[in-house]
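Being a predicted model, the structure only gives us computed values, none of them experimental. When a ligand or atom number is given, it counts from 1 through the structure's own listing order.
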Amino acid sequence: ASTLGASAAEKGRYFGAAVSAGKLGDGAYTTILDREFNSVTPENEMKWSYTEPQQGSFSYGSADRIVNHARSQGKSVRGHTLLWHAQQPGWAQNMSGTALRNAMNNHVTQVATYYRGKIHSWDVVNEAFADGSGGGRRDSNLQRTGNDWIEVAFRLARAADPAAKLCYNDYNTDGVNAKSTGIYTMVRDFKARGVPIDCVGFQSHLTNSVPGDYQANLQRFADLGVDVQITELDIAGSNQASVYGTVTRACLAVTRCTGITVWGIRDTDSWRTGQNPLLFDGNGNKKAAYEAVLTALNAG
Ligand code: G3I
């Protein structure tokens, strides 16, 4: 097929992009979004500071603009994210202990209930593991409420929206390393104990190369009985097109790799300012990286 979304669909997968509500009025942006992508992730608008700016007062306006745009075009939506140590509202940043845990749990239930039936996959928990060689949890206000906060969040999300795939999402997990192995151990434990987890997201913010064991790492998670998704792909550096092709082929080679999301549309939309890590240039022209992805999606 001639677009990313249609080509991925022929392989039983989706191809998505992170979207900002504030750009939906930009015709060049929306033209590419509507043509190329069949999945959408709100880049910021579903985060805690946006959806519950004051405790108990929920605000879905910007997220709804994205969800409604996507659904009216038949695109699926990835929810991002219910609990994360960053982009919390000030009131939550200042809480701890039981009060914070209760607020976290209420947030998960309220947001997942509001969007019930509209979300393909939720990043229930984002970036809860530490970088480096320890393989353990990241210290955060969320973690300090007790180690069970992640499984509690997954159980609440399942109860609120039984049809959504529930994902754990993180970065620097692209190869077999201490961090990805820590997550692997958690997922294996969750599956053994019946904690509802359906997928693991690999953000894949890359520069110039991808670990040689990228596909093997996706596969070892898939072998635990969860889907895997590439959730925030962007690739800086001169080897960009080649690495985009490699990542796309790795996903296609793993049966349970169900989709790829790039973290923005044009280079000028990227959070990685000046690194030009996306598939379209600032004028909306397809880059070599785009052609590499499209070719990979249509191979075989
Ligand atoms: O909306 C306000 C605007 O009102 C204000 O004038 C402006 C001034 O700084 O800030 C705007 O908020 C910014 C927001 O993006 C929306 O543009 C924040 O400052 C800025 O920090 C925020 O950055 C986002 C970042 O997450 C926050 O950590 C990026 O757009 C977003 O791409 C990035 O996405 C994360 C994923 O959620 C998780 N994985 C890593 C990824 C990249 O950091």
Requested in this report: Give a yes-or-no answer on whether the side chains of Gln275 and Asp234 include a donor-acceptor pair shorter than 3.5 Å.
Outcome: no

Report task. Check ligand 1 against Asn126 and write out every atom of the ligand that is under 4.0 Å from a heavy-atom position of the residue. Result -> 38 (C)

**Report entry** Donor-acceptor side-chain pairing of Tyr290 and Asp281 below 3.5 angstrom
**Finding:** no

Requested in this report: Look up atom 5 (C) of ligand 1 and tell me if a protein heavy atom lies less than 4.0 Å from it?
Outcome: no

**Report entry** Is_contact(atom 16 (C) of ligand 1), protein non-hydrogen, under 4.0 Å
**Finding:** yes

Report summary line: Rounded to the nearest 0.5 angstrom, the CZ-OG1 distance for Arg272 and Thr207 is 4.0 Å

Requested in this report: Determine, considering heavy atoms only, which of Trp271, Tyr171, Trp84 sits nearest to atom 42 (C) of ligand 1.
Outcome: Trp271

Query raised in the report: Counting distance only, does the side-chain N/O of Trp91 pair as donor-acceptor with the main-chain N or O of Pro53 below 3.5 Å?
Result: yes

Report task. Return each pair, listed once, that meets disulfide (SG to SG under 2.5 Å) where at least one residue sits in residues 133-181; pairs must be two or more places apart or across chains. Result -> Cys167-Cys199

Requested in this report: Using the side-chain hydrogen bond (donor to acceptor under 3.5 Å, both in side chains) rule, pick out the option among His85, Gln93, Gln88 that qualifies with Asn141.
Outcome: Gln88

Requested in this report: Evaluate the 4.0 Å heavy atom contact test for atom 28 (O) of ligand 1: does a protein atom fall under the cut-off?
Outcome: yes

Query raised in the report: Any chance the side chains of Arg65 and Ser20 put a donor and an acceptor closer than 3.5 Å?
Result: no

Report summary line: In this structure, atom 31 (C) of ligand 1 is nearest to the protein heavy atom Glu43 OE2, 3.4 Å

Query raised in the report: Considering only heavy atoms of Tyr50, which atoms of ligand 1 have at least one such atom less than 4.0 Å away?
Result: 1 (O), 14 (C), 16 (C)

Query raised in the report: Less than 4.0 Å between atom 39 (N) of ligand 1 and some protein heavy atom, yes or no?
Result: yes

Query raised in the report: Taking atom 41 (C) of ligand 1 as the point of reference, which of Arg272, Met46, Glu127, Glu232 owns the nearest heavy atom?
Result: Glu232

**Report entry** atom 20 (C) of ligand 1: nearest protein contact (heavy atom, Å)
**Finding:** Gln87 NE2, 5.0 Å

Query raised in the report: Tell me, do Thr261 and Ile230 make a side-chain contact under 4.5 Å, heavy atoms counted?
Result: no

Query raised in the report: Can a protein heavy atom be found under 4.0 Å away from atom 2 (C) of ligand 1?
Result: no

Report task. With heavy atoms of His205 as the reference, note each atom of ligand 1 found under 4.0 Å away. Result -> 40 (C), 41 (C)

Query raised in the report: Which residue and non-hydrogen atom of the protein lie closest to atom 30 (O) of ligand 1, and at what distance in Å?
Result: Asn44 ND2, 3.0 Å

Requested in this report: Can you tell me which residue pairs pass the salt bridge (charged side-chain N to carboxylate O under 4.0 Å, His left out) test with a partner in residues 24-49, sequence neighbours excluded?
Outcome: Asp26-Arg266

Query raised in the report: Is there a donor in the side chain of Asp131 and an acceptor in the side chain of Tyr171, or the other way round, less than 3.5 Å apart?
Result: yes

**Report entry** atom 11 (C) of ligand 1 within contact range, any protein heavy atom under 4.0 Å
**Finding:** no

Query raised in the report: Gln203 heavy atoms, cut-off 4.0 Å: which ligand 1 atoms fall inside?
Result: 39 (N), 40 (C)

